[in-house]
Amino acid sequence: KDGIIIEDIDPYTIYGFMHQKLSAQSKATIFEGIKEVFDLESPVPERFEGVPMITSYSFTQSKLLEILDEEPELREHLWDFLETAILCAKNKDEDTASDLAKRFNHLWKNTNLTWNLTKILYFVRPFDFIHLDEVNQYFIERELPDYVFPEAIEGAEYLALCQQIQEKLEEDFVALSIKASEEETV
């Protein structure tokens, strides 16, 4: 920004950049660049249905960057949050889940990411964590009529909801997100 080189960046900025409302071709081009820069071997995705989008407005107008400038330790908290999420998805043990819930609660209270925390989790482990954007919330409330989304969600409640959705709907989160986004456009 203004000729200043960024020395550290947070995961929301990275994922926000990759998941703005762009054409599939533009996204593929971005992912090709990331693949090249980081010397990755995975194929570049060709389809992006069901992937939560971060609008340019919400991405640039969020106060997250200002918050991170004022409290730079939150950047490390965001990275620790992702690392814990990856461990939680891999190990599926109570201690790691409890740690993830605590980190979720801390970031919910100290950043303006709120529901976007669920998008970040989905970006890194889409088969283990559901993103709770408005489209998916509406779909889930229709499919699980006993569940009503609160204004705010605690980390433990979010993890329990992920488990409940997988058990009751018997669908992985990627398929659910695609189905929800397709129904929204009908």
Side-chain angles (χ1 to χ4, degrees), residues 1-22 27 30-42 44-45 51-133 136 149-163 173-174 177:
K1 178 179 170 182
D2 300 326
I4 299 170
I5 296 174
I6 298 173
E7 293 183 25
D8 197 2
I9 196 162
D10 65 277
Y12 182 74
T13 300
I14 290 171
Y15 285 107
F17 174 72
M18 292 189 303
H19 294 289
Q20 292 184 54
K21 287 191 177 192
L22 302 170
K27 287 181 188 181
I30 290 169
F31 282 108
E32 280 291 344
I34 291 170
K35 179 179 177 177
E36 185 179 318
V37 167
F38 292 102
D39 197 27
L40 302 174
E41 296 179 16
S42 303
V44 170
V51 176
M53 296 299 114
I54 297 174
T55 64
S56 295
Y57 177 79
S58 70
F59 178 63
T60 57
Q61 296 302 314
S62 82
K63 299 285 185 191
L64 179 63
L65 297 177
E66 289 176 28
I67 292 169
L68 292 175
D69 283 344
E70 293 170 13
E71 299 180 49
E73 70 278 356
L74 283 176
R75 186 175 286 112
E76 283 304 313
H77 288 291
L78 281 165
W79 284 113
D80 291 343
F81 173 66
L82 284 189
E83 184 178 341
T84 305
I86 292 167
L87 287 172
C88 185
K90 181 180 176 182
N91 299 336
K92 305 214 184 289
D93 67 74
E94 281 186 39
D95 290 340
T96 310
S98 176
D99 189 24
L100 180 60
K102 288 176 189 170
R103 291 177 189 282
F104 184 100
N105 295 343
H106 176 77
L107 290 169
W108 186 290
K109 292 173 187 162
N110 294 290
T111 69
N112 63 335
L113 291 173
T114 62
W115 293 103
N116 287 321
L117 290 169
T118 69
K119 287 182 184 182
I120 293 171
L121 291 171
Y122 181 83
F123 291 151
V124 296
R125 290 295 182 268
F127 292 99
D128 297 290
F129 303 110
I130 183 75
H131 65 92
L132 296 176
D133 63 0
N136 277 358
F149 281 92
E151 193 171 311
I153 193 166
E154 294 278 325
E157 182 182 4
Y158 168 75
L159 294 175
L161 179 62
C162 287
Q163 186 174 355
F173 296 138
V174 173
S177 295

K.L.:
List the atom of Ala97, the atom of Leu159, and the distance in Å for their closest heavy-atom pair.
P.N.:
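Heavy-atom minimum between the residues: O-CD1, 3.4 Å.
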K.L.:
So do the side chains of Leu161 and Leu132 get within less than 4.5 Å of each other, counting heavy atoms only?
P.N.:
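Counting from C-beta outward, Leu161 and Leu132 do come under 4.5 Å.
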K.L.:
So do Glu157 and Pro150 actually touch side chain to side chain, heavy atoms under 4.5 Å?
P.N.:
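Heavy-atom side-chain distance check passes, below 4.5 Å.
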K.L.:
For Glu32, give me all partners under side chain to side chain contact (heavy atoms under 4.5 Å, CB included), at least two apart in sequence or on another chain.
P.N.:
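For Glu32, the residues satisfying side chain to side chain contact (heavy atoms under 4.5 Å, CB included) (neighbours in sequence not counted) are Lys35, Val44.
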K.L.:
State which residues pass side chain to side chain contact (heavy atoms under 4.5 Å, CB included) with His106; sequence neighbours excluded, sorted by chain then number.
P.N.:
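Scan of His106 (side chain to side chain contact (heavy atoms under 4.5 Å, CB included), adjacent residues dropped) gives Leu74, His77, Asn110.
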K.L.:
Within the distance-only criterion (no hydrogens, no angle test), does the side chain of Asn105 pair as donor or acceptor with the backbone N or O of Gly155 below 3.5 angstrom?
P.N.:
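It does hold such a pair.
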K.L.:
Could you check whether any side-chain heavy atom of Val174 comes within less than 4.5 Å of a side-chain heavy atom of Phe127, counting everything from C-beta outward?
P.N.:
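In contact.
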K.L.:
Quick check: do Trp108 and Ile153 have side-chain heavy atoms less than 4.5 Å from each other?
P.N.:
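Side chain of Trp108 against side chain of Ile153, heavy atoms only: contact under 4.5 Å found.
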K.L.:
Calculate, to the nearest 0.5 Å, the distance between atoms CG and NZ belonging to Asp133 and Lys119 respectively.
P.N.:
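Asp133 atom CG to Lys119 atom NZ measures 5.5 Å (nearest 0.5 Å).
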K.L.:
Does the side chain of Tyr122 come within less than 4.5 Å of Asn136's, by heavy atoms?
P.N.:
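They are not in side-chain contact.
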K.L.:
Strictly distance-based, threshold 3.5 Å: is any side-chain N or O of Asp93 a donor or acceptor partner for the main-chain N or O of Thr96?
P.N.:
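Yes, because the side chain of Asp93 sits within donor-acceptor range (under 3.5 Å) of the backbone of Thr96.
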K.L.:
To the nearest 0.5 Å, what is the distance between SG on Cys162 and NE2 on His131?
P.N.:
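Reported to 0.5 Å precision, the distance equals 11.0 Å.
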K.L.:
May I ask you to check whether over 12 heavy atoms, not counting those of Lys90, lie within 6.0 Å of atom NZ?
P.N.:
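Result for NZ/Lys90: open.
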K.L.:
If you round to the nearest 0.5 Å, how far is CG of Asn116 from CG of Leu107?
P.N.:
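These two atoms lie 12.0 Å from each other.
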K.L.:
I need the minimum non-hydrogen distance between Ala156 and Ala101, along with the two atoms involved.
P.N.:
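Minimum heavy-atom separation between Ala156 and Ala101: N-CB, 3.5 Å.
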K.L.:
Would you give the length of the straight line joining atom CZ of Phe81 to atom CG of Leu117, rounded to the nearest 0.5 angstrom?
P.N.:
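Reported to 0.5 Å precision, the distance equals 5.0 Å.
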K.L.:
Say you draw a straight line from CG of Leu121 to CD1 of Ile86; how long is it, rounded to the nearest 0.5 Å?
P.N.:
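One gets 10.0 Å once the value is rounded to the nearest 0.5 Å.
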K.L.:
Less than 6.0 Å separating the ring centroids of Tyr158 and Phe104?
P.N.:
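Aromatic pair counts; centres sit under 6.0 Å.
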K.L.:
Between Ser98 (side chain only) and Glu94 (backbone N and O only), is there a donor and an acceptor less than 3.5 Å apart?
P.N.:
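No; judged by distance alone, with no hydrogens or angles, the pair does not exist.
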K.L.:
Nearest 0.5 Å please: distance from the CD1 atom of Ile130 over to the CD atom of Gln163.
P.N.:
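These two atoms lie 14.5 Å from each other.
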K.L.:
Kindly indicate whether the side chain of Lys102, heavy atoms from C-beta on, has any atom under 4.5 Å from the side chain of Thr84.
P.N.:
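Of all side-chain heavy-atom pairs linking Thr84 with Lys102, none is under 4.5 Å.
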